[in-house]
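Here is how names work: the chains are called A, B, and so on, in the same order as the sequence lines, proteins then strands, and each is numbered from 1. All values below come from the heavy atoms of this structure, side chains included, with hydrogens, waters and symmetry mates left out.
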Number of protein chains: 2
Amino acid sequence: MRSLDPILRRLRGLASLSDAEVEFVRGLGDRRERRGQGEQLVAEGAAARPRFVVSGWACRQRLMPDGRRQIFSLLLPGDSFGFGTRPALCSVTALTALDTMDAGALQEAARRGAAPGLARALAAAETLDDALLLDHAVRLGRMTAFERVAHFLLELQQRLEIVGLGDRQRFPLPLTQEILADALGLSVVHVNRTLQQLRRAALLELRSGVAILLEPDAMARVCDYRATTTLEPNKAA
Amino acid sequence: MRSLDPILRRLRGLASLSDAEVEFVRGLGDRRERRGQGEQLVAEGAAARPRFVVSGWACRQRLMPDGRRQIFSLLLPGDSFGFGTRPALCSVTALTALDTMDAGALQEAARRGAAPGLARALAAAETLDDALLLDHAVRLGRMTAFERVAHFLLELQQRLEIVGLGDRQRFPLPLTQEILADALGLSVVHVNRTLQQLRRAALLELRSGVAILLEPDAMARVCDYRATTTLEPNKAA
DNA sequence: CGCTTCTTTGACGAGCCTCAAACTGAGTGG
DNA sequence: CCACTCAGTTTGAGGCTCGTCAAAGAAGCG
């Protein structure tokens, strides 16, 4: 089941999994759900069931009554959401067409101790999410528009490379500038101008949904990007 | 032990506690630690031991190499930090002189099922922290300076009232404008001018470390403030 | 008191936003 | 196959918000 690769790559990057655990995840393949762009997967305050993103992009977000939106994080293929038993603190919305997979059985297995590796991977995933949210708060509160965009693109590059959807320089970016604006706390117009600035600086190329970081290291320097990782890197391949 | 009131008030606001559990918390009173203003309580990446703030204010924050600072949340009397077993994602620093109390025994009791009420309260506290962090991200990303300050003051009013350190209008505010600036993603000068704007609008009074919200409801309207609470309010007094 | 920290004020400029309109490209239907 | 539409991107003009720099008050504190 090739389509589960991002999920497995992500989990194995977060903790070592036994062969049985890998098979267990592969066996989850049923219980898919397909959602269209713009559909809400989880409402704020609702009890969510645990799921993985199989393909497509989603986000956690909140809307203000006057229409302003803040995106807290992007959910990429391989990412999980709805774990933990509490009601959702923000809504989850599909940014593109989306395939998700139910992970209730996985959560249950981890909970009762049947899959220690998976349990560790899920805990690490949660920690990583929290760390990325702090990174995001720093972007929003203390970085310039130029730094925010660069920093955000570097984060996406890293996360997508981990799940096998991009390399060190190139990755899919199926987002409108409006979505970037709502994630980065900027206006659409200013996102547009900032992207042009990155292009003029020969740091970035954008072509039909693909981003190319021409000089990732230089880009990381201008925004003080440092990869956010968990502390237990996977020792196994 | 009157000094433990904020802690007990907060926990009982998050979940119903048995009498035994209340006594258990009271019995924790030893193992205090006193820290001076500016001291770091937890370093980023360090393993933290669980503690309560008994008195004084602290914050979670990150520093950028060039000196920029982002404050993620304030820790008020009654607040806990260092729970959970993972290394700290950001540092914790005393904003005033500070008294903390070790809560290792409490965490242990909750973990092994000996104190279900306390366990629920701790889980609710964590959820609330997460929710407040999302509120904060919305402030940083999508609110004007005026809205940010108003919204932040309303949050503080609510949290302090819960722990018995203020009423509907009045509460202690032992923060410099620089700290407010680093929390709200603004410059000190602009925080100053925004506070004056709130005073001119007859919404706020500040006198020697005490804030007075002259019209909390009007203030809540201008920044669309809605109290962030957990879903299990305490039924008992 | 004299020092330091914090607050306040002014002047100025840059960053970012808003409004508005033109442009592009990918459907879509005639 | 060609308008036509619609979402998204780009550009321009103008202005407000907010930041920076600098210095003057005010307020704690030893």
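Candidate nucleotides C:dC17, D:dG8, D:dT10 were compared by shortest atom distance to the side chain of A:Thr176, and D:dG8 ranks first. Among D:dC21, D:dT10, D:dG19, the nucleotide with an atom closest to any side-chain atom of A:Asn192 is D:dT10. Each of D:dG8, D:dC18, C:dT7 was ranked by its minimum atom distance to the side chain of B:Thr144; first place goes to D:dC18. With D:dG12, D:dC18, C:dC6 as the choices, the nucleotide that has an atom nearest any side-chain atom of A:Arg193 turns out to be D:dG12.
Under 3.5 Å, the side chains of A:Arg148 and A:His151 contain no donor-acceptor pair of N or O atoms. A donor-acceptor contact closer than 3.5 angstrom links the side chains of B:Tyr225 and B:Gln158. For the residue pair A:Thr194 / A:Arg199, no side-chain donor-acceptor distance below 3.5 Å is found, with atom types taken as modelled.
For B:Gln196, no side-chain nitrogen or oxygen approaches OP1 or OP2 of C:dT7 to under 4.0 Å. Regarding contacts with the backbone of D:dT17, every side-chain N or O of B:Arg148 stays at 4.0 angstrom or more from both OP1 and OP2. Side-chain N/O atoms of B:Arg207 include none lying less than 4.0 angstrom from OP1 or OP2 on C:dT7.
When the local axes at the two ends of the helix from C:dC1-D:dG30 to C:dG30-D:dC1 are compared, using 5 base pairs at each end, they differ in direction by 30° after rounding to 10°.
For A:Val92 against A:Ala58, the heavy-atom pair with the smallest separation is CG1-CB, 4.4 Å. What you find for A:Pro87 and A:Gly45 is that their closest heavy atoms are CB-O, 3.3 Å.
What separates CD of B:Gln37 from C1' of D:dG28 is a distance of 12 Å, to the nearest Å. Between the C1' atom of C:dT8 and the CD atom of B:Gln197 lies a distance of 15 Å, rounded to the nearest Å. If you take NE2 of A:His190 and C1' of D:dG8, they are 19 Å apart, rounded to a whole angstrom.
Residue contacts shown for B:Arg142 are absent, as no nucleic acid heavy atom lies under 4.0 Å away. B:Ser187 comes within contact range of at least one nucleobase, with a heavy-atom separation under 4.0 Å. Among the atoms of the strands shown, none is found under 4.0 Å from any heavy atom of B:Arg68. Looking at heavy-atom distances under 4.0 Å, A:Gly209 makes no contact with the nucleic acid at all.
Rounded to the nearest 0.5 Å, atoms CG (B:Leu63) and CZ (B:Arg68) are 11.5 Å apart.
Nearest-nucleotide positions on DNA chain C place B:Val188 closer to the 5' end than the other of A:Leu186 and B:Val188.
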Would B:Glu44 and B:Arg62 count as a salt bridge (Lys or Arg N to Asp or Glu O under 4.0 Å) here? Give the steps. CA-CA 8 Å; B:Glu44 188 176 335; B:Arg62 272 202 203 149; 3.6 Å; yes
